[in-house]
There are 2 protein chains.
Amino acid sequence: MNIGQASNATGVSAKMIRYYESIGLIRAPLRTESNYRVYSSDEVHTLRFVKRARTLGFSVEETATLLGLWQDKERASAEVKSIATGHIAALETKIAELQSMVKTLKHLANCCGGDDRPNCPILDDLAGETIKTKGH
Amino acid sequence: MNIGQASNATGVSAKMIRYYESIGLIRAPLRTESNYRVYSSDEVHTLRFVKRARTLGFSVEETATLLGLWQDKERASAEVKSIATGHIAALETKIAELQSMVKTLKHLANCCGGDDRPNCPILDDLAGETIKTKGH
DNA sequence: CTTGACCTTCCCATGATGGGAACCCTTATA
DNA sequence: TATAAGGGTTCCCATCATGGGAAGGTCAAG
């Protein structure tokens, strides 16, 4: 299997496969005589693991740790779980931040006429003026 | 007011103030004889506008547009509102993605013993094995 | 007059990804 | 069998917003 086929089989772009190899996330595969990378099904499996971890929002660094644990048959599941729960916490923090932005923006958008006139509470807020809540 | 004071007054780092100037988001301020940037209260006001927009998650590009509208006394508030609602939609998409990650991870973490044993559904999932939901 | 706290510019790094050039290899088809 | 299409290879550059740090000029307080 060459890199294009491995890419199709895993959803990881050839570009990223080479990148993961260059930073040491995955091992360098064997090469053909003409210098093409050749991937075994084991290596494809590893790529799928990486893809899934990235899809779940783990950083490349966290993914490297998880890969290490995956390959360590002696690992304690507690270690994996703690990485996962830490990641969940980070995601939830991020979600809360975004939700707070949305909340503020919705309030502002709700107070804005959205018409031809220049009067605009959204800009007033950005400019630091306190907003007068529309009666509700 | 020099750049450090402007930074303190707005919460935008001196580094970022220079950057915003370099990309044309804000105008280059006057300089002293010794080449120090000098900020007027108007310019500080603009910096605060930028800071607020960035805090609300607008990109620098969107912020530039909003700044332009702010300074255009003839703008239609509808234009501002449409940028805001577009941004809200983008944030909500992002939130939904993160929530979906959290949901999956919570499920996996919930199924994981988190003990000394190597058995770990989180890794099994990353490796592509279907997970057996713990009875609930 | 020295010291320390500013300021200036310039370059480099981040994280994860894509774009593209220049060049080599393989495979199918005319 | 010659050629073209569609791989592969390396290498460099760009993104977005931000920070770090070096080398050097300036200002204010002691």
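Labels below follow one simple rule: chain letters A, B, ... track the order of the sequence lines, proteins then strands, and each chain is numbered from 1. What you see below is based on every heavy atom in this structure, not just the backbone, and it leaves out hydrogens, waters and symmetry mates. Just so it is clear, the model here is predicted, and its values are computed rather than measured.
Taking the side chain of A/Ser34 as heavy atoms from C-beta on, and the options D/dG8, C/dT17, C/dC25, the nearest nucleotide is C/dC25. Looking at the side chain of A/Met16, the nearest of the listed nucleotides D/dG8, C/dA16, D/dG19 is C/dA16. The listed nucleotides are C/dT8, D/dA17, D/dG25; the one nearest the side chain of B/Tyr36 is D/dG25. The B/Ile3 side chain lies nearest to C/dT8 when the options are C/dT8, D/dG8, C/dC10. Nearest nucleotide to the B/Tyr20 side chain, out of D/dT18, D/dG8, D/dC11: D/dT18. Minimum atom distance to the side chain of A/Arg54 is reached by C/dA16, of the listed D/dG19, C/dA16, D/dA17. Comparing C/dG18, D/dT9, C/dT9 by their nearest atom to the side chain of A/Arg37 picks out D/dT9. Side-chain proximity of A/Asn35 to the nucleotides D/dT9, D/dC11, C/dC7 is greatest for D/dT9.
Between the CZ atom of A/Arg18 and the C1' atom of C/dT17 there is a distance of 14 Å, given to the nearest Å. Atom pair A/Lys51:NZ and C/dT17:C1' shows a separation of 11 Å (rounding to whole Å applied). Distance OH (A/Tyr39) to C1' (D/dT9): 12 Å, rounded to an integer number of Å.
If you check distances only, the side chain of A/Tyr19 never reaches the base of C/dG18 with a donor-acceptor pair under 3.5 Å.
By the 4.0 Å N-to-carboxylate-O rule, B/Arg27 lies too far from B/Glu43 to be salt-bridged with it. In summary, B/Glu92 and A/Lys106 engage in a salt bridge, as defined by a charged side-chain N under 4.0 Å from a carboxylate O.
Residue A/Ser13 is the one, among A/Thr32 and A/Ser13, whose nearest nucleotide of DNA chain C lies closer to the 5' end (criterion: closest heavy atom). In terms of position on DNA chain D, the residue among A/Arg31 and B/Phe58 whose nearest nucleotide sits closer to the 5' end is A/Arg31.
Within the 3.5 Å criterion, the main-chain N or O of A/Val12 finds no donor-acceptor partner in the side chain of A/Lys51.
Expressed to the nearest 0.5 Å, how far SG of A/Cys111 lies from CG of A/Asn119 amounts to 11.0 Å.
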